[in-house]
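Letters A, B, ... are given to chains in the order of the sequence lines, protein chains preceding strands, and every chain is numbered from 1.
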Protein chains: 2
Amino acid sequence: MHVSVDVLPSPPAAVACGAPLVRRALTAGEAADLARVLKAIADPARLRLLSMVAAHAGGEACVCDLTEPLGLSQPTVSHHLKVLVDAGLLRREKRGVWAYYALVPGALDAVAGVLSTTAAPGGDPSSC
Amino acid sequence: MHVSVDVLPSPPAAVACGAPLVRRALTAGEAADLARVLKAIADPARLRLLSMVAAHAGGEACVCDLTEPLGLSQPTVSHHLKVLVDAGLLRREKRGVWAYYALVPGALDAVAGVLSTTAAPGGDPSSC
DNA sequence: TCACGACATCGACGATGGTCAATTCGTCTG
DNA sequence: CAGACGAATTGACCATCGTCGATGTCGTGA
């Protein structure tokens with residue numbers, strides 16, 4: 001028994017491409033994938049973290065830069081950052097004692113593209 | 001006693017405009033507003049509902065059109081639709097015995113615009 | 001080697017959310 | 001009016017989530 005299905009927390013998710021939401025009815029699987037990424041973003045603390053990381057000098061920030069302005073404990077901030085990394089929205093790089101977080105380049109735009117009811121703006125030709 | 005603070009579930013939310021997420025750090029209030037709308041979208045059943053309503057003939061659908069393909073009970077579908085209406089993403093119109101739901105025109109694009117790291121595409125000049 | 005600082009993980013608690021069965025509310029029709 | 005039908009509301013149950021304090025881990029410097 002126990003074949004251990006190995007249901008990994010999922011690879012970075014990727015969101016799928018194009019703007020399928022309003023074009024055709026989503027399948028249960030597509031909806032689950034999209035919801036997983038959106039649930040990661042749909043939290044005030046995590047939205048502020050994304051925003052603070054993006055607006056920080058150099059496009060990256062360490063936990064010590066984020067804890068105090070956010071008004072949450074350090075373990076809580078670490079938890080939220082992990083959720084965002086697991087969702088494929090942030091990238092974590094450890095340098096010495098500090099851990100630096102930065103936006104994953106196309107991630108937020110991919111989500112925006114799926115939600116948009118018009119054609120994608122810049123038109124990222126790498127995917128699809 | 002009981003002045004009844006009347007903390008309304010919030011007006012349609014509106015999300016704010018522009019693409020402030022990656023430009024500057026969000027305030028706690030802005031993050032809370034955005035999170036409220038995103039939480040409404042961040043559910044597989046509700047994503048499929050938005051998608052099915054948008055893809056349906058005439059851009060609108062009644063509950064009876066949605067219950068069966070979604071595989072959820074009628075009360076649950078009604079509950080999800082109410083969440084989407086309260087978030088300002090769907091519009092409800094009752095005609096006779098049936099209740100028809102349709103997308104609120106700019107709502108999804110507004111959310112997409114906030115998440116996007118580039119300038120808004122079509123450029124909806126009505127707001128801001 | 002030891003102490004300290006930055007960060008991650010663990011365990012627990014209260015709050016929120018998704019779902020359904022049962023009921024209620026409106027509206028049309030016989 | 002009474003019945004039927006579509007939809008909304010209620011109440012309850014279980015799962016998931018956000019938060020914290022305590023603890024563990026790893027790299028740095030005295």
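Of the inter-residue distances, the one linking B:Leu26 atom CG with B:Asp33 atom CG reads 9.5 Å to the nearest 0.5 angstrom. Rounded to the nearest 0.5 Å, atoms CD1 (B:Ile41) and CG (B:Leu49) are 12.5 Å apart. Here A:Leu72 contributes atom CG and A:Leu66 contributes atom CG; the two are 11.0 Å apart, rounded to the nearest 0.5 Å.
For D:dC17, neither phosphate oxygen OP1 nor OP2 lies less than 4.0 angstrom from any side-chain nitrogen or oxygen of A:His79. For C:dT19, neither phosphate oxygen OP1 nor OP2 lies less than 4.0 angstrom from any side-chain nitrogen or oxygen of B:Ser73. Residue A:Arg92 places at least one side-chain N or O under 4.0 Å from the OP1 or OP2 atom of C:dA8. Remark: A:Tyr101 is in phosphate contact with C:dA8, judged by side-chain N or O atoms under 4.0 Å from OP1 or OP2. Here A:Arg46 reaches the OP1 or OP2 of D:dG18: one of its side-chain N or O atoms lies under 4.0 Å away.
Between the side chain of A:Gln74 and the base of C:dA6 there is no donor-acceptor pair of N/O atoms closer than 3.5 Å.
Counting to the nearest Å, the P atom of C:dT27 and the OH atom of B:Tyr100 are 15 Å from each other. Here the P atom of nucleotide D:dA7 and the CG atom of B:Leu72 are 15 Å apart, to the nearest Å. The CD-P distance, from A:Glu93 to D:dC26, rounds to 19 Å in whole Å. One can place CZ of A:Arg36 at 13 Å from P of D:dT16, the figure rounded to the nearest angstrom. At whole-Å resolution of the value, CZ in A:Arg48 and P in D:dG18 are 16 Å apart. Computed from coordinates, the B:Asp65 CG to D:dG6 P distance equals 11 Å when rounded to whole Å. Nucleotide C:dG17 holds its C1' atom 14 Å from the CG atom of B:Leu84, rounded to whole Å. One can place CD of B:Glu68 at 17 Å from P of D:dC5, the figure rounded to the nearest angstrom.
For the pair A:Lys94 and A:Lys39, both in contact range of DNA chain D, the more 5′-proximal nearest nucleotide belongs to A:Lys39. Heavy-atom nearest nucleotides on DNA chain D were determined for A:Gly71 and for B:Leu81, and the one closer to the 5' end corresponds to B:Leu81.
Using a 4.0 Å heavy-atom cutoff across all strands shown, B:Lys82 reaches sugar-phosphate atoms only and no base atom.
Residues B:Leu81 and B:Arg92 are not in side-chain contact: their nearest non-hydrogen atoms beyond the backbone lie 4.5 Å or more apart. Side-chain contact check for B:His79 versus B:Gln74: every heavy-atom pair is 4.5 Å or farther apart.
The side chain of A:Ala45 sits closest to D:dT19 out of D:dT9, D:dA7, D:dT19. You'll find that the side chain of A:His80 is closest to D:dT19, out of C:dT19, C:dG18, D:dT19. Distance from the side chain of B:Ser78 is smallest for D:dT9 among the nucleotides D:dT9, C:dT19, C:dC7. Side-chain proximity of A:Val63 to the nucleotides C:dA22, D:dA7, C:dC7 is greatest for C:dC7. Ranking C:dG26, D:dC20, C:dT19 by closeness to the B:Thr76 side chain, first place goes to C:dT19.
Under a hydrophobic-cluster definition in which Ile, Leu, Val, Met, Phe, Trp and Tyr are linked whenever side-chain heavy atoms come within less than 4.5 Å, directly or via other members, A:Leu90 and A:Val63 are assigned to the same cluster.
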